[in-house]
Each structure stands twice: as structure tokens, then as C-alpha cells.
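Since the structure comes first, as C-alpha cells, the remarks are kept for the end.
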Amino acid sequence: MSSEIAYKRVLLKLSGEALMGDDAFGINRQTISRMTQEVAEIAKMGVELAIVIGGGNIFRGVAPGAQGMDRATADYMGMLATVMNALALQDALKSHDVVARVQSAISIDQVVEPYIRPKALRYLEEHKVVIFAGGTGNPFFTTDTAAALRGAEIGAEIVLKATKVDGIYSADPNKDPKATRYSNITFDEAIAKRLEVMDATAFALCRDQKLPINVFSINKPGALERVIRGEDEGTLVHV
Ligand code: UDP
């Protein structure tokens, strides 16, 4: 029999790439549908779920035109890209009968609500999925940092980082066949071994706040649910 739920409130970080499938950029219909199906399942298990969505998939499409651009301007474009993804995600969740609310860190009131912490907390208590768009609202940051920040703000028990690889490896598994996956590792070990878990700002914030991170593969069917059940899936980074 399956184990119980290990986490009551989680922050899920989805990179834009998770929506892209094998396409060069953008949102792949089948991929987003399959992925939201898994997300819907854990929402229906009663887990309070907040999602920080990236924007890399959309930004790839405009990247050639953004070359040589002022960094802050390009970053605002990246933040807008996350708003598009958030709307697509909300819509896809709706088709799986899950109610989601989007809150943006950059003001775009005709389209989505602004980020208001107490309101986000209320939605979570009501078992609505909260999608945080617009990253942190500041250039020079990433959506990984937004995930750590919002995760800490809403009192999430863990940040779940969905990637294309099923955890953190001792070396690049694509290059080194002897590379082994860490089932769990402490923040200090990850630093000592120079393992890249999240970007440095996000990692430092999680470490300071003693907020564990689980890195797992979004492409592996059932992986998200196994993480939620506290099973050995991906890599758990802890204090
Ligand atoms: N971004 C930003 N500030 C933030 C979050 C994101 O400026 O707080 C911009 C930045 O340009 C980034 C882009 O938005 O490259 C998309 O976010 P990210 O690269 O984290 O998305 P992912 O790679 O996870 O899809």
C-alpha cells in the first residue's frame, strides 16, 4: 500500500522547459496536459500546492532578438514570459478540475491578481492551487530564487524542483556512466562537493531558512507523487 502524504504544503518550481516537451520553444499541448494531470493528482490528495513557473520556454523564442539588449529590460521580458506560462498552467489545471489562482509579482492587473501574501495563504487553505508568476518581480533574479522566497513566505515544508534529470548526480550522468544519484544530501555536503542544486541565491535562501529541496524529474511518470509520499525519489537536500 502507498505511504501517507509526507508534506502538507509544498512549493513546486516548474521551469518553463517543463511545458515545452521536445519542441524548440513555447508550450507543447500534450506535455502541459500530462504534467498538469500529475499536478492535479497531488492537489486532489489534499496537498496545499503553490507553483512558481519559469519562462525559459517562451524566452527561447525571442532570445535571438534579445541579444545585446539591456539586461534589466530582457529580464522584464522574461518575467512577462512567466505570466503567459502561468495562464496556460491555470487553464490546463482547470481542464483537470483543479481551481488555480495566478498572482503576479509584477503589476499586470487586467490579466492576473497582484501578489498578496495573505490572499495566497487563504487560497492555499481553501485548497486552491496558487501559481506565482513574474518571478520575484526584480531583474537579475531567477524563478528558482522566487521559488525559495515564496516557499519561505508561505511556510512551505519543502521546495520541489522539477527538472529534466531525476536528481543530483555525483557527475554529469550524460557524460559519465559511473555517475551516481544522491538519494539525499545536506546543504553543506552539496556546497563542499560543488553540486549545483539551484542558483546560488536560491540555494542560500533555502539553506538559511532550513527549507529542504527535492530535485526530481518532471518527465518520470509518478515521480511527483512519490516525492509527496516521502519515497526515495530524486534527491532530497536537507539541513
Ligand atoms: N526573471 C527575472 N527575475 C525573477 C525571475 C525571472 O528577471 O525574479 C527573468 C530572467 O530574465 C529569467 C526569466 O525571467 O531568465 C525566466 O525565468 P527563469 O530563467 O528562472 O525561468 P526557467 O529557466 O525556470 O524557465
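We count ligands from 1, going down the list as the structure has it; atoms in each ligand are counted the same way. In what follows, every heavy atom counts, from backbone to side chain, and hydrogens, waters and symmetry copies are set aside.
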Should one rank G55, G137, A66 by closest heavy-atom distance to atom 16 (C) of ligand 1, which comes out on top? G55

Can you find an N or O of E17 that's nearer than 3.5 Å to an N or O of ligand 1? no

Any atoms of ligand 1 less than 4.0 Å from a non-hydrogen atom of T136? List them with their elements. 4 (C), 8 (O)

R207 and D188 ion-paired at < 4.0 Å: yes

Please determine if R150 and E153 form a salt bridge, counting it only when a charged side-chain N lies under 4.0 Å from a carboxylate O. yes

Among L12, L124, I5, side chain to side chain contact (heavy atoms under 4.5 Å, CB included) partner for V47: I5

I need the nearest protein heavy-atom contact for atom 15 (O) of ligand 1: residue, atom name and distance, please. D75 OD1, 4.7 Å

Could you point out which residue of T31, T36, I32 forms a side chain to side chain contact (heavy atoms under 4.5 Å, CB included) with R34? T31

With respect to atom 14 (O) of ligand 1, which of A202, G78, G56, A18 exhibits the smallest heavy-atom separation? G78

Just checking D22: does its CG atom have more than 12 heavy atoms from other residues, nucleotides or ligands closer to it than 6.0 angstrom? no

So, S217 versus K164: side-chain donor-acceptor pair below 3.5 Å or not? no

Nearest heavy atom to atom 25 (O) of ligand 1: which of G16, P139, A146 does it belong to? G16

Is R101 close enough and on-axis enough to Y123, meaning under 6.0 Å and within 45°, for cation-pi? yes

Under the ring pair (Phe, Tyr, Trp, His ring centres under 6.0 Å) rule, what pairs show up with a residue in residues 134-171, not counting sequence neighbours? none

Judged by non-hydrogen atoms, does A81 sit under 4.0 Å from ligand 1? no

Residues T145 and D199: side-chain donor-acceptor under 3.5 angstrom: yes

For atom 17 (O) of ligand 1, closest protein heavy-atom neighbour: T143 CG2, 3.6 Å

Per-atom contacts of ligand 1 with G54, taking only distances under 4.0 Å to non-hydrogen atoms: 21 (O), 22 (P), 24 (O), 25 (O)

Heavy-atom protein contact below 4.0 Å for atom 19 (O) of ligand 1: no

In the complex you have, is atom 12 (C) of ligand 1 within reach of the protein, judged by whether a heavy-atom distance drops under 4.0 Å? no

Taking both backbone and side-chain atoms of Y76, is any N or O found less than 3.5 Å from an N or O belonging to ligand 1? no

Among N138, T145, T142, the residue with a heavy atom nearest to atom 3 (N) of ligand 1 is N138

So, E231 and R229, do they make that salt bridge, N to O below 4.0 Å? no

Can you find a non-hydrogen atom of M77 under 4.0 Å from ligand 1? no

Nearest non-hydrogen protein atom to atom 24 (O) of ligand 1, with distance, is K13 NZ, 2.9 Å

Taking only heavy atoms of S15 into account, list the atoms of ligand 1 that are under 4.0 Å away from them. 24 (O), 25 (O)

Indicate yes or no: does an N/O atom of F141 lie under 3.5 Å from an N/O atom of ligand 1? yes

Salt-bridge test for D232 and R181: reply yes if a basic N is under 4.0 Å from a carboxylate O, no otherwise. yes

